[in-house]
Every structure is written in C-alpha cells, then in structure tokens.
Number of protein chains: 2
Amino acid sequence: MSMQPNIDFTLSTAPQVYEWLRDAILRGELPPGSRLSETEIANQVGVSRQPVREAFIRLTSDGLAEVRPQRGTYIRRISVSAVLSARLIREAVESDLIRMLAEQADDRLLARLDQEIEEQSVAVARNDAETFVRLDDRFHRLLAVAAGQEAVWEVLEGLKSQMNRLRYITARTFDIQKLIGQHAEIVEGLRNHDPALAEQAMRRHLRELLNDLPEISRSRPELFIP
Amino acid sequence: MSMQPNIDFTLSTAPQVYEWLRDAILRGELPPGSRLSETEIANQVGVSRQPVREAFIRLTSDGLAEVRPQRGTYIRRISVSAVLSARLIREAVESDLIRMLAEQADDRLLARLDQEIEEQSVAVARNDAETFVRLDDRFHRLLAVAAGQEAVWEVLEGLKSQMNRLRYITARTFDIQKLIGQHAEIVEGLRNHDPALAEQAMRRHLRELLNDLPEISRSRPELFIP
DNA sequence: TTTTATTTACTAGTATGCAAGTATGCAATA
DNA sequence: TATTGCATACTTGCATACTAGTAAATAAAA
C-alpha cells in the first residue's frame with residue numbers, strides 16, 4: 001500500500017485505522033481482491049494487531065472486507081447484484097423525496113440548485129471527473145436535506161459505498177455532460193412544481209448511472225464476484 | 001440478563017455471542033438504555049473479553065449498541081428520526097417492488113400469498129402477536145423475493161432493526177386484524193394486475209405501521225433518544 | 001455540616017503470547 | 001516426471017496482562 005495514515009495517539013487508534021482503510025477502499029486505492037494482513041497493517045501504522053483487527057471487523061460489517069479465518073483478510077470484490085440493489089433503492093427513495101420536494105420548492109432552493117449545476121459545469125469543462133463525483137453526491141444530498149430528510153440520506157450513504165467504489169474506478173468513462181443535463185431536468189421539474197416531471201427525470205437519471213456496468217464487469221472481471 | 005447462550009466451542013465464538021446479543025436486543029430482552037459490560041458478558045458466556053468486545057463492535061455498527069470509552073457499553077435508545085427514516089425508505093422501496101410485481105404476478109404466487117394471509121388470521125385468532133410479527137416479516141419478504149429482489153430485502157432487513165425493536169415492545173397494542181386486511185388489499189391489487197391499486201394499498205399499510213409511535217414515545221420516554 | 005482530596009473499584013483500549021488452521025516450498029518416493 | 005509427506009512460515013481467533021480513564025465511596029479538612 002502507498003500512503004501512511006496520520007494517527008493521533010491521544011485518541012483511540014482503532015477508529016482511525018478504520019477510517020483510513022475505508023477511505024482507501026472506496027477510492028480504489030485498495031482494489032477489490034487485495035489481500036490484507038493484521039500484522040502487516042499493524043506494523044505499517046505502528047500499532048498492535050488489536051486495533052487493526054477491530055477495524056477489519058467494522059469493514060466486514062460494511063461489506064467492504066471479508067475475513068477468511070486462518071487464511072487472510074481480503075478486500076471484497078464488488079457484487080453486481082448488491083450494486084443493482086443499491087441503485088434500485090436509491091431510485092425508489094430519491095424519486096419519493098423529489099416528489100415531496102416538488103410541492104414545496106422555493107426560489108431560494110432553486111437558486112442554490114442552479115448554482116450547484118453551474119459548479120458541475122465548471123468541473124466538466126476542466127475534465128475533472130473526480131470533482132464531479134463529489135459534486136454529484138452533494139447535489140443529491142442537498143435535495144434530501146431540502147426535503148427535510150437528511151437522516152434518510154445518511155442511510156443511503158452507507159448503501160452507496162458499493163456504487164461509489166465503482167464510480168471511482170470508472171470516473172473517466174462517464175458522459176458527465178449528459179448527467180448534468182439530467183440534473184437540470186430535475187431542477188426544472190421542481191421549478192414548475194411538477195412532481196411527476198421531477199420524478200421521471202430523477203428515475204431516468206438514476207437508471208442511466210449504471211449503464212456501463214455490464215461493459216465494466218466484462219472488461220475487468222477481477223473486480224467482481226463471479 | 002436472563003438466558004444463557006448455547007455456544008458451540010468448535011466454532012468461532014465471537015459471531016455466536018453477536019447473534020445472541022443481537023437477538024436479545026431486537027426482542028427487547030435487553031431494553032434500550034441497558035448497561036452492558038465486556039467482563040460481565042464474558043463471564044456469563046464463559047469466554048474471554050475479546051470475543052465479546054468484537055460482538056460489541058458489530059452491534060455498534062448496526063446502531064444497536066453504543067460504546068462509551070472507559071465508561072461502559074449501552075444498548076442504544078431508539079431514535080425516532082431513524083425509525084421514521086426506515087419507514088420512509090421501506091415505503092418507497094416496497095411500493096416500487098409491488099408495482100413491478102403487479103405486472104407479473106401469477107396464480108401460483110397469489111395462492112401462496114392467500115395462504116400466508118390465512119396463517120396470519122390463525123395467529124390473530126390465537127391472539128399471538130409475536131407470531132404475527134414474524135409472519136408479517138415473511139409476507140413482505142415473500143413479495144420482494146417474488147419480484148426477483150431478494151437482495152433488496154436483505155438490505156431492508158438491516159434498516160428495519162430499529163423498527164423491529166419497537167414492534168416487539170408494542171406487539172400487544174397493534175390492531176392486527178386491520179393489518180391483515182391491508183395485506184389482503186395488497187394481494188387484491190396483484191390479483192387484478194393493477195399496479196396503482198397495489199401501490200396505494202402498500203403505502204397505506206406502511207404508513208399506518210407507526211401510527212402509535214407518538215403515543216409510545218410519550219408514555220415510555222426512557223426508550224428513546226431525547 | 002459541607003466541601004475537598006483521596007482511595008478504590010470499576011470501565012474500555014491496547015499489546016502480546018499462544019493455539020490452531022492454512023498455504024507453500026522442498027525433499028523423498030513411486 | 002509426478003506425487004506424496006513434511007517442515008516452515010504464514011494467517012486469524014482467543015486469552016491474558018497491563019494502561020489509562022471514569023465514577024463513586026470514603027476520608028480529611030474547612
């Protein structure tokens with residue numbers, strides 16, 4: 001592994017190791033199928049095996065790692081069905097939220113959303129896919145918060161982890177311009193206070209997010225569970 | 001605590017301790033706010049602190065426990081907003097699933113669902129609320145499986161844990177007869193291949209599940225996060 | 001009596017040693 | 001050459017010792 005974490009030894013180390021590993025996994029730095037080792041990570045970080053072990057347990061709970069007793073700990077390969085499930089759930093929930101929001105969207109919110117889309121356009125102009133992924137997340141989060149359902153978004157965040165790994169891996173193959181256009185359609189639905197229109201735009205948007213999944217799973221089978 | 005777990009020492013003990021505690025929490029045997037202790041549980045089970053500690057970590061990941069360093073481990077009180085979020089997500093997802101299912105429901109499935117409802121009626125006739133909770137879970141799960149989305153249901157299971165604790169606590173206050181009637185309405189929607197009808201029945205059903213939440217949170221504030 | 005220190009008995013966090021299972025390379029054998 | 005047996009070096013699971021922090025009871029002082 002490349003980087004070294006910044007451990008603050010005045011705080012508990014286990015959660016810090018967890019955060020560090022989780023970030024590395026989601027960013028694709030630790031690719032699916034990688035083999036970890038309690039001892040190895042412990043030496044690298046400068047702590048004992050114990051906190052590392054606890055971090056592994058939490059990663060396993062998240063579905064990001066897999067402990068094979070007496071064999072080793074591995075970064076979980078991506079499950080296509082888990083990714084599709086996460087997408088389906090996102091579509092169901094976010095289309096409900098956007099319909100709620102269409103009835104109550106005010107000018108202040110609409111202005112803020114226009115501004116977000118503007119920022120996204122800047123990112124695409126600079127061909128900065130990674131920034132766009134971050135902005136895209138913020139856009140969807142903002143919609144949930146505006147609907148008064150921030151807690152719902154926090155739950156979705158956890159589910160999205162599998163999708164996020166995929167997005168980082170494939171960040172360069174997105175047709176970002178198209179996605180931004182879809183964001184604009186969603187906002188138009190809100191502006192017209194048209195729940196059905198906003199919902200349809202949202203569903204279309206989220207359905208296309210994984211359009212390239214079949215191709216990726218064909219070209220990079222090592223990332224996926226067979 | 002009352003019961004003792006059945007530990008199979010030829011298998012890993014940590015997961016068994018986890019399952020045991022999780023079950024006790026969901027059933028309300030370990031009520032919200034209870035104080036646990038690694039040492040105490042370890043002695044009771046007959047293992048060292050280590051596997052118990054690992055079980056606590058997983059329970060914390062599930063949002064069922066809360067470790068306060070150097071102070072103790074507590075069963076998390078129920079967060080009303082978390083319960084409401086879980087309900088909203090369930091409604092969004094299950095109404096999408098039921099709409100998908102309405103187009104493809106065959107006689108075999110409908111017969112099976114009728115049979116499930118029959119079983120539920122038997123439970124209510126015996127005034128067996130706990131069995132009904134289990135059957136209710138199975139009914140909704142069956143719908144997800146029939147829609148070809150078992151993986152989606154597995155995800156919902158995790159979210160439902162907060163709702164489930166509440167259900168066990170309040171099992172006696174439910175108007176079970178009414179819930180069974182709503183199940184029947186859902187099945188009628190499927191039988192008529194009417195997605196809109198099935199969806200409306202499902203939404204009504206899931207909205208009423210928490211009707212008594214305000215009253216419970218008033219009468220038993222010790223179970224909830226303020 | 002009230003307030004302040006101090007002791008004592010807890011808690012979880014971490015380090016470490018040992019046990020048991022697994023993979024791998026090498027040597028002996030067919 | 002191909003296969004088997006074994007030594008060795010791993011892996012994680014668990015038990016234990018120790019640390020540091022917390023809380024509450026107790027003792028000392030005002």
Side-chain angles (χ1 to χ4, degrees), chain A residues 1 4-22 24-25 30-77 222, chain B residues 1 4-22 25 30-77:
Chain A
M1 192 167 354
Q4 266 254 344
N6 259 352
I7 298 290
D8 178 350
F9 286 98
T10 66
L11 300 174
S12 287
T13 60
Q16 298 179 70
V17 174
Y18 165 73
E19 297 286 350
W20 175 61
L21 288 172
R22 183 171 192 278
I25 295 169
L30 289 172
S34 307
R35 187 168 183 278
L36 301 181
S37 151
E38 295 178 358
T39 313
E40 191 182 324
I41 302 289
N43 292 337
Q44 190 171 345
V45 177
V47 297
S48 77
R49 270 178 57 210
Q50 190 60 28
V52 176
R53 180 176 172 74
E54 300 186 357
F56 283 6
I57 292 172
R58 293 184 60 187
L59 292 172
T60 301
S61 274
D62 296 343
L64 295 176
E66 183 182 4
V67 177
R68 302 223 274 260
Q70 276 70 46
R71 236 160 290 204
T73 301
Y74 296 81
I75 304 301
R76 278 198 78 173
R77 294 176 202 275
E222 77 279 8
Chain B
M1 195 168 349
Q4 267 252 346
N6 258 353
I7 297 291
D8 178 350
F9 286 99
T10 67
L11 299 175
S12 286
T13 60
Q16 298 179 72
V17 174
Y18 165 74
E19 298 286 351
W20 175 61
L21 288 173
R22 183 171 192 279
I25 295 170
L30 289 172
S34 308
R35 186 168 183 279
L36 301 180
S37 151
E38 294 179 0
T39 313
E40 191 181 322
I41 301 289
N43 291 337
Q44 189 170 346
V45 177
V47 296
S48 77
R49 271 178 57 211
Q50 189 60 27
V52 176
R53 181 175 170 76
E54 299 185 358
F56 282 7
I57 292 172
R58 292 183 59 187
L59 292 172
T60 301
S61 275
D62 296 343
L64 295 176
E66 183 182 6
V67 177
R68 301 222 274 261
Q70 273 73 45
R71 232 160 293 202
T73 301
Y74 296 82
I75 304 300
R76 277 197 77 175
R77 293 174 201 277

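Letters A, B, ... mirror the listed sequences (proteins, then strands); counts begin at 1.
- Listed pair B:T13 / D:dG13 fails the phosphate criterion, with no side-chain N or O lying under 4.0 Å from OP1 or OP2.
- Taking the nucleotide of DNA chain D with the nearest heavy atom to each of B:S12 and A:S37, the more 5' of the two is matched to A:S37.
- Place A:F9 and B:F56 on DNA chain C by their nearest nucleotides, and B:F56 ends up nearer the 5' end.
- Taking each heavy atom of A:V17 and A:A55 in turn, the nearest pair found is CG1-CB, 3.8 Å.
- Between A:E54 atom CD and D:dC14 atom P the separation is 13 Å, expressed in whole Å.
- Counting only heavy atoms from C-beta on, B:S48 has its side chain closest to D:dA15 among C:dG13, D:dA15, C:dT16.
- Taking both residues in full, the closest heavy atoms of A:T60 and A:V67 are given as OG1-CG2, 3.7 Å, listed atom of the first, atom of the second, then distance.
- Here the closest non-hydrogen pair linking B:R76 and B:P32 is O-CB, 3.7 Å.
- Distance from the side chain of A:T39 is smallest to D:dT11 among C:dA15, D:dT11, D:dC14.
- The only option from A:V47, A:V45, A:L21, A:D8 that meets the side-chain contact (heavy atoms from CB on, under 4.5 Å) definition with A:Q16 turns out to be A:D8.
- Whole-Å rounding puts the B:I41 CD1 to C:dA12 C1' distance at 14 Å.
- For residues 59-75 of chain A, proximity to DNA chain C is found at A:Q70, A:R71, defined as any non-hydrogen atom under 4.0 angstrom from a strand atom.
- With hydrogens and angles disregarded, a donor-acceptor distance shorter than 3.5 Å links the side chain of B:S37 to the backbone of B:E40.
- Between the CD atom of A:E40 and the P atom of D:dA9 there is a distance of 18 Å, given to the nearest Å.
- In this structure, B:R53 places its CZ atom 14 Å from C1' of D:dT16, rounding to the nearest Å.
- Two residues, B:Q50 and B:E38, neighbour DNA chain C, and the one matched to the more 5' nucleotide by heavy-atom proximity is B:E38.
- Among all heavy-atom pairs drawn from B:T39 and B:R49, the shortest one is OG1-CD, 3.9 Å.
- Protein atom CZ of A:R49 is 16 Å distant from nucleotide atom C1' of C:dG13, rounded to whole Å.
- Every residue meeting the salt bridge (charged side-chain N to carboxylate O under 4.0 Å, His left out) condition with A:E54, not counting sequence neighbours, appears here in chain and number order: B:R53.
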